[in-house]
Amino acid sequence: MAQLVVGFTFLASGFVKVADPMGMAHKLHAYTAYWGLPVSDGFLMEVGAVVMGVAEFMLGVYVVLGARRRMATAAVAVVMAAMTVLTAWIYAVNPVPDCGCFGDALTLTHGETLAKNVVLLLAALYLATHPLRVKRMVSERNGWITSVYALVYAITLALYSLHYLPLIDFTPYAPGASIRKALEGSADADQRLANFYLADPQGGEDLSYQVAEAQGCVFLLVVPQTEVADDGCNDRINDLYDYCADHSLPFYMATASDSTGRADWCDRTGAAYPILQAEDTELQAMVRSNPGLLLLRDGVVVAKWSNNNLPEVEGLEARLQALPDKGGALWRLLAWFFLPLLLVVVADALWIGHKFYRHHIYVKQFKLKRIMRKKIVAGNWKMNKTLQEGVALAQELNEALTADKPNCDVVICTPFIHLAPVAGVINPELVGLGAENCADKVSGAYTGEVSAAMVRSTGATHVILGHSERRAYYHETPEILKEKVNLALENNLEVIFCIGEVLEEREAGKQNEVVKAQLEGSLFDLTAEQFSHIILAYEPVWAIGTGKTATAEQAEEMHAFIRQTIADKFGAEAAENVSILYGGSCKPSNAKEIFSKENVDGGLIGGAALKVADFKGIIDAWK
Ligand code: 13P
């Protein structure tokens with residue numbers, strides 16, 4: 001409620017100022033004149049009016065739309081505090097007839113203005129102290145569109161109105177207004193027009209009636225102050241006067257300047273038309289231009305022009321006959337503001353709704369993944385690093401993860417010789433340790449082999465089995481792997497079991513078949529309990545060490561298939577619990593996208609695991 005009241009009040013008062021900046025400039029000048037400041041009612045006042053109007057308008061937009069909430073509500077509270085003090089002073093001292101809050105659109109008494117400002121100040125203070133209760137109508141991301149649009153709208157409107165005339169005429173002299181009726185005291189006339197007063201500067205004779213009661217058309221050239229009037233349009237004015245003289249149409253000029261000013265004007269412009277005396281404020285209300293032109297017909301204002309668009313003599317005949325152009329500008333102007341804004345708000349809501357929906361789904365999946373299964377980033381050093389290099393690498397990784405805790409399980413799988421020394425330099429809470437292989441025999445005369453029990457005895461907790469390189473180069477068959485898996489599990493090792501198709505198999509569309517056979521061949525005789533110690537790693541062979549990553553979609557498709565295959569064999573719970581890692585040219589730059597997939601629970605990293613910065617970059621993809 002406070003948001004709407006404060007927001008729309010600022011919007012409305014900013015709007016009337018940018019729609020009629022010259023009106024506001026006159027009101028500002030009334031203050032400077034009261035304080036005796038030597039500023040003329042010209043350029044500076046106009047700049048002040050535009051800045052004030054645009055600022056108020058923008059604050060209104062921010063508050064209504066809930067954009068830049070802290071800044072906007074604080075600014076609104078400061079403005080309201082200053083305005084309340086000012087209006088209290090105006091109420092007490094009565095320095096100006098109208099405070100100017102709403103231009104000429106709405107004139108309030110000083111008491112009403114003060115009461116209005118006190119209410120607004122309270123509402124503004126509430127908003128400033130609770131900025132986050134201001135409801136956001138546009139997302140933070142798209143808020144700039146509304147801000148830029150509102151700013152361009154306000155500035156364009158202000159500059160247009162200054163150059164020509166206000167697009168909406170809030171003055172009593174708007175086209176259609178009958179001065180004659182007002183002077184006759186008619187109840188349905190705008191009572192403000194009763195101030196219309198023109199006099200003969202020589203004798204002081206009141207000529208208001210003569211002008212207002214004249215039958216047909218009368219031109220009134222309005223020059224509030226001849227000293228500051230633009231005289232660049234004299235020729236056109238003089239042409240108009242000649243036309244009027246030729247067609248017996250009355251043409252007067254009205255000014256508030258004294259005899260010197262009037263004489264100066266005649267010298268500068270060669271004016272031959274009669275000049276009448278009028279009151280400055282009234283002239284400023286008649287037309288927002290100095291000079292400006294008014295066309296009356298039978299005492300009714302028919303048309304108004306600024307010095308920048310005075311009518312040409314050609315075509316004037318038709319204009320003389322035309323009906324008052326009452327515009328309809330207000331609703332058009334408001335429509336030009338509100339409709340595009342509404343469009344942005346609705347589009348934003350749809351977009352945000354979509355984003356929110358996606359985010360919601362993602363969070364749900366993420367939470368599910370988190371609850372159900374571990375996120376893991378495992379490194380496979382393969383046959384790289386001397387003992388010293390390996391220990392140093394493990395140490396460096398351990399330090400990096402101590403300084404910046406990972407958001408997932410991290411495992412490094414090293415050659416056999418590194419296991420025991422690396423176990424001595426890592427914190428097992430932060431970094432798990434695994435072998436890259438183990439024997440398919442328990443123990444005995446198998447020269448060169450390392451058993452699962454020996455692996456476990458180093459402190460390692462994991463072992464990679466079924467890697468495509470071992471399948472290809474060391475001819476490890478599903479049967480051999482089955483033995484290895486069993487022995488590893490018997491020795492309390494977690495098995496990272498690799499599966500994946502070669503390029504020809506993918507090109508033949510056989511990847512699912514191949515992967516399923518690999519699972520069946522080595523894991524399907526396990527019990528569900530045994531299977532709970534298996535981590536799967538899908539490594540398409542064509543992506544290993546080639547720089548050619550499977551797309552996130554390809555990975556997801558296969559991971560979903562693997563999970564389904566596990567569900568069919570071991571049940572839904574086992575399938576939900578098993579972590580399925582992706583391996584093959586995984587890098588910091590692509591890890592996030594791949595890991596974001598529903599069925600991807602991490603990565604098995606080769607080359608990038610050999611540099612802490614790269615490996616850490618991949619680990620951080622889970623942050
Ligand atoms: P790259 O990350 O070097 O492609 O290796 C993947 C792999 O084989 C991990 O086991």
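Since we're looking at a predicted model, the values are computed, not measured. Because only heavy atoms are used, hydrogens play no part in the values below, and waters and symmetry mates are left out as well, while side chains stay in. Each ligand, and each atom within it, is numbered from 1 in the order the structure gives.
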**Message:** So, taking the atom named CD in Glu557 and the one named CD1 in Ile562, what distance separates them when rounded to the nearest 0.5 Å?
**Reply:** 11.0 Å
**Request:** Please verify whether a non-hydrogen atom of Lys587 lies at under 4.0 Å from ligand 1.
**Result:** no
**Prompt:** Polar-atom distance check: Gly607 versus ligand 1, any N or O pair below 3.5 Å?
**Reply:** yes
**Prompt:** Is a side-chain donor-acceptor pair under 3.5 Å present for His467 with Glu436?
**Reply:** no
**Request:** Would you tell me whether Arg69 and Tyr62 have side-chain atoms, one donor and one acceptor, within less than 3.5 Å of each other?
**Result:** no
**Prompt:** With no hydrogens and no angle check, is any side-chain donor or acceptor of Ser161 less than 3.5 Å from a backbone partner on Ala19?
**Reply:** yes
**Asked** With a 4.0 Å cut-off on heavy atoms, does Gly584 reach ligand 1?
**Response** yes
**Item:** Between Asp348 and Asn142, a side-chain donor and acceptor under 3.5 Å
**Value:** yes
**Asked** Of all the atoms in ligand 1, which lie at a distance below 4.0 Å from a heavy atom belonging to Leu604?
**Response** 9 (C), 10 (O)
**Message:** Under a 3.5 Å cutoff, is there a donor and acceptor pairing between the side chains of Glu494 and His462?
**Reply:** no
**Request:** Please work out which of Gly583, Pro540, Gly606, Gly545 has its closest non-hydrogen atom nearest to atom 4 (O) of ligand 1.
**Result:** Gly545
**Asked** Near Asn380, which atoms of ligand 1 are under 4.0 Å from a heavy atom of that residue?
**Response** 9 (C), 10 (O)
**Asked** So is Ala543 close enough to ligand 1, meaning a heavy atom under 4.0 angstrom away?
**Response** yes
**Asked** Against heavy atoms of Ser585, which atoms of ligand 1 measure under 4.0 Å?
**Response** 1 (P), 2 (O), 4 (O)
**Asked** Does any N/O atom on Thr546 come nearer than 3.5 Å to any N/O atom on ligand 1?
**Response** no
**Item:** Donor + acceptor pair across side chains of Asn599, Arg563 (<3.5 Å)
**Value:** yes
**ligand 1 N/O within reach of His467 N/O, cut-off under 3.5 Å** = yes
**Asked** Can Glu490 and Asn486 be counted as having a side-chain donor-acceptor contact under 3.5 angstrom?
**Response** no
**Request:** Please write down residue, atom name and distance for the protein heavy atom closest to atom 9 (C) of ligand 1.
**Result:** Glu539 OE2, 2.8 Å
